[in-house]
There are 2 protein chains.
Amino acid sequence: MAKVKKQAAVSCPVETTLRVIGGRWKVLIIHFLLHGTMRFGELTRSLGTISARTLSKQLRELEADGVVDRKDFGEIPPKVEYSLTALGRSLEPILQSMEAWGTAVETRR
Amino acid sequence: MAKVKKQAAVSCPVETTLRVIGGRWKVLIIHFLLHGTMRFGELTRSLGTISARTLSKQLRELEADGVVDRKDFGEIPPKVEYSLTALGRSLEPILQSMEAWGTAVETRR
DNA sequence: CAGTATCCAATGAGATACTG
DNA sequence: CAGTATCTCATTGGATACTG
(Lines give C-alpha, C1' and ligand atoms only; values in the text may rest on other atoms or scores of the structure.)
Protein backbone atom coordinates (compact mmCIF):
# COMPACT_ATOMS: atom_id res chain seq x y z
CA MET A 1 0.00 0.00 0.00
CA ALA A 2 2.62 2.48 -1.05
CA LYS A 3 4.07 4.97 1.38
CA VAL A 4 1.08 6.16 3.38
CA LYS A 5 1.31 9.65 1.99
CA LYS A 6 3.40 11.65 4.41
CA GLN A 7 2.31 12.69 7.89
CA ALA A 8 0.00 9.84 8.80
CA ALA A 9 1.47 10.34 12.24
CA VAL A 10 -0.18 7.81 14.48
CA SER A 11 -3.79 7.00 15.32
CA CYS A 12 -5.58 9.27 12.88
CA PRO A 13 -9.18 8.08 12.68
CA VAL A 14 -9.96 9.62 16.05
CA GLU A 15 -8.61 12.90 14.78
CA THR A 16 -10.71 12.60 11.66
CA THR A 17 -13.78 12.44 13.85
CA LEU A 18 -12.57 15.40 15.86
CA ARG A 19 -12.07 17.45 12.73
CA VAL A 20 -15.61 16.73 11.64
CA ILE A 21 -17.41 17.48 14.91
CA GLY A 22 -14.86 19.81 16.49
CA GLY A 23 -16.24 23.14 15.33
CA ARG A 24 -17.55 25.62 17.86
CA TRP A 25 -21.23 24.81 17.19
CA LYS A 26 -21.16 21.50 15.37
CA VAL A 27 -22.12 19.11 18.12
CA LEU A 28 -24.94 21.44 19.07
CA ILE A 29 -26.16 21.56 15.49
CA ILE A 30 -26.04 17.77 15.29
CA HIS A 31 -27.80 17.55 18.62
CA PHE A 32 -30.74 19.57 17.32
CA LEU A 33 -30.89 17.80 14.00
CA LEU A 34 -31.08 14.46 15.79
CA HIS A 35 -34.55 15.60 16.81
CA GLY A 36 -35.59 16.31 13.25
CA THR A 37 -35.26 18.53 10.20
CA MET A 38 -34.81 22.24 10.77
CA ARG A 39 -34.68 25.40 8.72
CA PHE A 40 -31.85 27.91 8.83
CA GLY A 41 -33.80 30.39 10.92
CA GLU A 42 -34.88 27.75 13.41
CA LEU A 43 -31.29 26.72 13.94
CA THR A 44 -30.27 30.33 14.39
CA ARG A 45 -32.89 30.85 17.10
CA SER A 46 -32.16 27.53 18.80
CA LEU A 47 -28.46 28.19 18.97
CA GLY A 48 -29.08 31.57 20.51
CA THR A 49 -26.03 33.66 19.78
CA ILE A 50 -24.60 32.33 16.55
CA SER A 51 -24.14 34.70 13.61
CA ALA A 52 -25.51 33.90 10.17
CA ARG A 53 -22.02 33.76 8.74
CA THR A 54 -20.83 31.24 11.28
CA LEU A 55 -23.90 29.03 11.07
CA SER A 56 -23.67 29.02 7.32
CA LYS A 57 -20.03 27.99 7.41
CA GLN A 58 -20.48 25.23 9.95
CA LEU A 59 -23.40 23.81 7.98
CA ARG A 60 -21.43 23.85 4.73
CA GLU A 61 -18.58 22.02 6.39
CA LEU A 62 -20.87 19.41 7.89
CA GLU A 63 -22.46 19.01 4.48
CA ALA A 64 -19.06 18.58 2.84
CA ASP A 65 -18.22 15.90 5.39
CA GLY A 66 -21.39 13.99 4.56
CA VAL A 67 -23.00 14.54 7.96
CA VAL A 68 -25.72 17.02 7.02
CA ASP A 69 -28.08 17.12 4.10
CA ARG A 70 -29.17 20.50 2.69
CA LYS A 71 -32.43 20.76 0.82
CA ASP A 72 -33.12 23.99 -0.99
CA PHE A 73 -36.74 24.33 -2.06
CA GLY A 74 -35.90 27.07 -4.52
CA GLU A 75 -38.80 29.18 -3.42
CA ILE A 76 -39.19 32.86 -2.78
CA PRO A 77 -38.99 33.70 0.00
CA PRO A 78 -36.19 31.17 0.40
CA LYS A 79 -36.80 27.92 2.21
CA VAL A 80 -33.95 25.57 3.07
CA GLU A 81 -34.14 22.55 5.29
CA TYR A 82 -31.29 20.83 7.05
CA SER A 83 -31.28 17.25 8.26
CA LEU A 84 -28.79 14.55 9.19
CA THR A 85 -27.63 11.94 6.75
CA ALA A 86 -27.33 8.32 7.85
CA LEU A 87 -23.68 9.04 8.57
CA GLY A 88 -24.71 11.99 10.71
CA ARG A 89 -27.20 9.95 12.69
CA SER A 90 -24.50 7.35 13.29
CA LEU A 91 -22.78 9.95 15.46
CA GLU A 92 -25.49 9.73 18.08
CA PRO A 93 -23.84 7.12 20.32
CA ILE A 94 -20.64 9.16 20.32
CA LEU A 95 -22.48 12.29 21.37
CA GLN A 96 -24.25 10.34 24.07
CA SER A 97 -21.09 8.99 25.60
CA MET A 98 -19.49 12.41 25.37
CA GLU A 99 -22.48 13.89 27.12
CA ALA A 100 -22.27 11.31 29.88
CA TRP A 101 -18.57 11.94 30.38
CA GLY A 102 -19.00 15.70 30.36
CA THR A 103 -21.78 15.49 32.89
CA ALA A 104 -19.63 13.37 35.16
CA VAL A 105 -16.79 15.88 34.94
CA GLU A 106 -19.04 18.82 35.70
CA THR A 107 -20.59 16.97 38.60
CA ARG A 108 -17.34 16.07 40.32
CA ARG A 109 -16.37 19.73 40.63
CA MET B 1 -33.24 26.20 40.38
CA ALA B 2 -32.57 29.86 39.88
CA LYS B 3 -31.74 31.29 36.53
CA VAL B 4 -29.16 28.90 35.15
CA LYS B 5 -26.39 31.46 35.22
CA LYS B 6 -26.28 33.10 31.83
CA GLN B 7 -25.02 31.42 28.69
CA ALA B 8 -25.73 27.80 29.52
CA ALA B 9 -26.90 27.74 25.92
CA VAL B 10 -28.14 24.25 25.30
CA SER B 11 -26.55 20.84 25.61
CA CYS B 12 -23.24 21.77 27.21
CA PRO B 13 -21.77 18.54 28.62
CA VAL B 14 -20.82 17.38 25.15
CA GLU B 15 -18.98 20.62 24.65
CA THR B 16 -17.25 20.20 27.97
CA THR B 17 -15.85 16.92 26.72
CA LEU B 18 -14.83 18.52 23.47
CA ARG B 19 -12.98 21.29 25.29
CA VAL B 20 -11.04 18.71 27.29
CA ILE B 21 -9.99 16.41 24.44
CA GLY B 22 -10.19 18.87 21.56
CA GLY B 23 -6.61 20.09 21.48
CA ARG B 24 -4.47 19.37 18.47
CA TRP B 25 -2.56 16.50 20.15
CA LYS B 26 -4.69 15.54 23.11
CA VAL B 27 -6.43 12.44 21.85
CA LEU B 28 -3.08 11.20 20.62
CA ILE B 29 -1.50 11.82 24.00
CA ILE B 30 -4.36 10.01 25.72
CA HIS B 31 -4.08 7.20 23.19
CA PHE B 32 -0.43 6.61 24.11
CA LEU B 33 -0.97 6.95 27.82
CA LEU B 34 -3.71 4.31 27.65
CA HIS B 35 -0.84 1.90 26.99
CA GLY B 36 1.06 2.99 30.07
CA THR B 37 3.11 5.63 31.82
CA MET B 38 5.47 7.69 29.68
CA ARG B 39 8.14 10.30 30.18
CA PHE B 40 8.19 13.69 28.47
CA GLY B 41 10.85 12.68 25.98
CA GLU B 42 9.10 9.45 25.10
CA LEU B 43 5.92 11.35 24.31
CA THR B 44 7.87 13.82 22.20
CA ARG B 45 9.38 11.05 20.13
CA SER B 46 6.13 9.12 19.84
CA LEU B 47 4.21 12.16 18.64
CA GLY B 48 6.82 12.80 16.01
CA THR B 49 6.60 16.48 15.18
CA ILE B 50 5.32 18.20 18.31
CA SER B 51 7.37 21.00 19.85
CA ALA B 52 8.33 20.98 23.51
CA ARG B 53 6.26 24.09 24.14
CA THR B 54 3.14 22.59 22.66
CA LEU B 55 3.50 19.24 24.38
CA SER B 56 4.07 20.98 27.67
CA LYS B 57 0.97 23.09 27.28
CA GLN B 58 -1.28 20.25 26.25
CA LEU B 59 -0.08 18.15 29.17
CA ARG B 60 -0.66 20.98 31.65
CA GLU B 61 -4.17 21.45 30.36
CA LEU B 62 -4.96 17.76 30.56
CA GLU B 63 -3.55 17.77 34.07
CA ALA B 64 -5.72 20.76 35.03
CA ASP B 65 -8.75 18.92 33.70
CA GLY B 66 -7.98 15.90 35.85
CA VAL B 67 -7.23 13.60 32.96
CA VAL B 68 -3.47 13.27 33.30
CA ASP B 69 -1.30 12.77 36.34
CA ARG B 70 2.17 14.32 36.42
CA LYS B 71 4.82 12.81 38.63
CA ASP B 72 8.02 14.74 39.06
CA PHE B 73 10.79 12.67 40.60
CA GLY B 74 12.77 15.77 41.49
CA GLU B 75 15.99 14.24 40.25
CA ILE B 76 18.85 15.62 38.26
CA PRO B 77 18.80 15.05 35.38
CA PRO B 78 15.04 15.64 35.50
CA LYS B 79 12.64 12.74 35.36
CA VAL B 80 8.94 13.28 34.99
CA GLU B 81 6.35 10.63 34.31
CA TYR B 82 2.91 11.12 32.85
CA SER B 83 -0.01 8.74 33.25
CA LEU B 84 -3.78 8.78 33.02
CA THR B 85 -5.96 9.28 36.05
CA ALA B 86 -9.09 7.14 36.48
CA LEU B 87 -11.02 9.94 34.82
CA GLY B 88 -8.59 9.85 31.91
CA ARG B 89 -8.93 6.11 31.50
CA SER B 90 -12.69 6.50 31.48
CA LEU B 91 -12.30 8.25 28.13
CA GLU B 92 -11.25 5.02 26.45
CA PRO B 93 -14.71 3.98 25.20
CA ILE B 94 -15.23 7.43 23.71
CA LEU B 95 -11.93 7.27 21.85
CA GLN B 96 -12.79 3.81 20.62
CA SER B 97 -16.13 4.83 19.17
CA MET B 98 -14.55 7.92 17.65
CA GLU B 99 -11.90 5.74 16.09
CA ALA B 100 -14.51 3.40 14.66
CA TRP B 101 -16.50 6.29 13.22
CA GLY B 102 -13.42 7.97 11.77
CA THR B 103 -12.31 4.72 10.18
CA ALA B 104 -15.72 4.28 8.59
CA VAL B 105 -15.62 7.79 7.19
CA GLU B 106 -12.15 7.35 5.76
CA THR B 107 -13.15 4.03 4.25
CA ARG B 108 -16.23 5.29 2.46
CA ARG B 109 -14.16 7.83 0.50
C1' DC C 1 -35.78 34.10 4.54
C1' DA C 2 -31.36 32.53 3.86
C1' DG C 3 -27.68 33.67 3.13
C1' DT C 4 -22.77 36.42 1.37
C1' DA C 5 -19.02 40.04 1.78
C1' DT C 6 -15.77 42.43 4.63
C1' DC C 7 -13.21 43.38 8.32
C1' DC C 8 -11.32 42.26 12.72
C1' DA C 9 -10.01 40.08 17.27
C1' DA C 10 -8.82 36.05 19.86
C1' DT C 11 -6.86 31.66 20.17
C1' DG C 12 -3.85 27.81 18.96
C1' DA C 13 0.16 26.15 17.82
C1' DG C 14 4.90 26.02 15.40
C1' DA C 15 10.01 27.60 15.32
C1' DT C 16 13.79 28.89 17.79
C1' DA C 17 16.69 29.86 21.61
C1' DC C 18 17.75 29.38 26.28
C1' DT C 19 17.99 27.10 31.35
C1' DG C 20 18.05 24.54 36.08
C1' DC D 1 16.10 15.80 30.55
C1' DA D 2 12.27 18.56 30.87
C1' DG D 3 10.95 22.20 30.30
C1' DT D 4 10.20 28.02 29.68
C1' DA D 5 10.39 32.54 27.00
C1' DT D 6 9.55 35.00 22.82
C1' DC D 7 7.96 35.78 18.56
C1' DT D 8 5.12 34.83 14.64
C1' DC D 9 1.66 33.07 11.66
C1' DA D 10 -2.61 30.64 10.41
C1' DT D 11 -7.09 29.49 11.51
C1' DT D 12 -11.58 30.27 13.75
C1' DG D 13 -15.21 32.70 14.65
C1' DG D 14 -17.72 37.21 15.81
C1' DA D 15 -19.88 41.93 14.25
C1' DT D 16 -21.90 44.39 10.86
C1' DA D 17 -23.86 45.55 6.53
C1' DC D 18 -25.87 44.17 2.36
C1' DT D 19 -28.76 41.08 -1.26
C1' DG D 20 -31.61 37.79 -4.45
Grab the CG-P distance between Leu59(A) and dG3(C) for me, whole Å please.
8 Å
Would you kindly give the CG-to-C1' distance between Leu43(B) and dG3(D), to the nearest whole Å?
13 Å
Excluding sequence neighbours, so at least two apart, what forms side chain to side chain donor-acceptor pair (under 3.5 Å) with Ser97(A)?
none
Side chains of Trp25(A) and Thr49(A), heavy atoms from C-beta outward: is any pair under 4.5 Å?
yes
For Thr16(B), what residues pass the side chain to side chain donor-acceptor pair (under 3.5 Å) criterion, not counting sequence neighbours?
Glu106(A)
Rounded to the nearest Å, what distance is computed from the CD atom of residue Glu75(A) to the P atom of nucleotide dG3(C)?
13 Å
Which residue pairs pass the side-chain hydrogen bond (donor to acceptor under 3.5 Å, both in side chains) test with at least one member in residues 61-76 of chain B, sequence neighbours excluded?
Lys26(B)-Glu61(B), Arg70(B)-Tyr82(B)
Report yes if at least one side-chain N or O of Arg39(B) is closer than 4.0 Å to OP1 or OP2 of dC1(D); otherwise report no.
no
Looking across every strand, which nucleic acid part, if any, lies under 4.0 Å from Phe73(A) by heavy atom: base, sugar-phosphate, or nothing?
nothing
Rounding to a whole Å, what distance do you find between Ile76(A):CD1 and dC1(C):P?
14 Å
Under the rule for side chain to side chain donor-acceptor pair (under 3.5 Å), what residues qualify as partners of Ser90(B), not counting sequence neighbours?
Trp101(A)
For the residue pair Thr103(B) and Thr107(B), what are the closest heavy atoms and their distance?
O-OG1, 2.7 Å
To the nearest Å, give me how far apart CE (Met38(B)) and P (dG3(D)) are.
14 Å
Are any non-hydrogen side-chain atoms of Ile50(A) and Leu28(A) less than 4.5 angstrom apart?
no
What is the distance, rounded to the nearest whole Å, between atom CD of Glu81(A) and atom P of dG3(C)?
12 Å
So what's the dot-bracket for DNA chain D: Watson-Crick or G-U pairs under 3.5 Å, [ ] if a pair crosses, | if it pairs off-strand?
||||||||||||||||||||
Among Met98(A), Glu99(A), Glu92(A), which residue satisfies the side-chain contact (heavy atoms from CB on, under 4.5 Å) criterion with Gln96(A)?
Glu92(A)
Protein-nucleotide distance (Glu42(B), atom CD; dA2(D), atom P), rounded to Å
8 Å
Residue-phosphate contact under 4.0 Å: Tyr82(B) side-chain N/O, dG3(D) OP1/OP2
yes
Quick one: do Val105(A) and Thr17(B) satisfy side chain to side chain contact (heavy atoms under 4.5 Å, CB included)? Show the steps, please.
CA-CA 8 Å; Val105(A) 170; Thr17(B) 302; over 6 Å; no
Within this structure, what is the CG-to-P distance between Leu55(B) and dA15(C), rounded to whole angstrom?
14 Å
Contact letters for nucleotides 4-20 of chain D, in which S counts primed atoms plus P, OP1 and OP2 and B counts the base, heavy atoms under 4.0 Å
BBB------BBB----B
